[in-house]
Amino acid sequence: MVESVGEQRGRLANVSHSRRAFVKTALVAGGALAIPGCVSAPGGPPQTAAVAPTPIQPPPAAVVAKRSYPTPPGVRHELFQKAVASLDRHDRRFRYHDRLAIADFTPFSAKPRFQLIDLHAGTVRNMLVTHGSGSDRGHTGFLKNFSNVPDSEATSEGAYVTANYYYGQHDHSQRLIGLDPTNNNALDRAIVIHAAWYANADMIAKHGMIGRSQGCFAVGETELAGLFAWLGEGRLLYAGRV
């Protein structure tokens with residue numbers, strides 16, 4: 001049967017309405033899959049004045065309020081707050097949320113800069129830890145810069161999750177997974193926790209400071225077993241300075 005002009009116009013109007021409904025549904029579904037903080041994909045049809053703008057979402061920093069702990073004595077408040085924020089931001093990456101470690105690279109390497117913090121008890125244990133030679137090329141004892149670049153032999157800033165133990169070049173070691181853009185090459189760079197003779201306390205009496213690693217968190221040979229038993233797998237290690 002031949003359609004009349006009116007019937008053709010009605011059918012085309014229904015098809016156009018169905019296409020608009022489909023595109024709207026697809027855009028809404030696509031928006032639901034977007035990751036907060038990511039740059040939106042380019043392209044797509046321009047919005048008309050009749051379409052309401054998308055509400056601006058609150059910044060990710062609002063998540064920090066999920067946890068609140070008093071800053072333990074002897075721990076820098078700014079670094080502690082960054083560590084707790086990381087605990088919230090990467091919440092699902094951590095198996096445990098009761099303890100964390102902060103590598104505070106602000107002071108001289110002769111100072112005990114590795115801080116093991118029990119969040120529930122509010123206690124802190126300190127030990128020596130190295131920074132990378134690429135972060136202190138003049139071997140001054142102070143970390144000058146962070147780097148995430150492969151082969152830089154530098155320390156990387158940011159949040160790590162402690163991963164599995166293994167035996168390798170430095171004997172008993174623990175892998176670290178970098179969770180931030182500033183340290184997400186840690187696994188590929190083999191940035192780990194291990195013991196080293198140049199991180200022993202007697203290096204301070206001999207040289208006034210401890211040695212440097214190739215970016216790893218090296219601790220004294222007598223400290224490693226206790227550190228591994230306390231920190232375990234699936235906890236936060238945060239590295240930074242102020």
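No hydrogens, no waters, no symmetry mates; every other heavy atom, side chains included, goes into these values.
Salt bridge status for R189 with D151: absent, with no side-chain N to carboxylate O gap under 4.0 Å. Using a 4.0 Å cut-off between a side-chain N of Lys or Arg and a carboxylate O of Asp or Glu, E78 and R241 do not qualify as a salt bridge.
Y160 and F217 have their aromatic ring centers within a separation under 6.0 angstrom.
Seen from the ring of F94, R235 does not count as a face-on cation partner, given the 6.0 Å and 45° thresholds.
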Please walk me through it: do V161 and L176 pass side chain to side chain contact (heavy atoms under 4.5 Å, CB included)? CA-CA 6 Å; V161 57; L176 297 170; over 6 Å; no

Derivation of the side chain to side chain contact (heavy atoms under 4.5 Å, CB included) call for L237 and L100: CA-CA 6 Å; L237 162 59; L100 59 83; over 6 Å; no

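A donor atom on one side chain and an acceptor atom on the other are not found under 3.5 Å apart for H120 and R99. If you check the side chains of R76 and T71, you find no donor sitting under 3.5 Å from an acceptor. For D104 and T106, the side-chain atoms include at least one donor-acceptor pair closer than 3.5 Å. For the 3.5 Å distance criterion, the side chains of S133 and E153 qualify, holding a donor opposite an acceptor.
Ring-plane geometry between F80 and Y69 is classed as perpendicular, the angle between the planes exceeding 60 degrees on a 0 to 90 degree scale with a lower cut at 30. Between F142 and F108, the ring-plane angle classifies as tilted under the 30° and 60° cut-offs.
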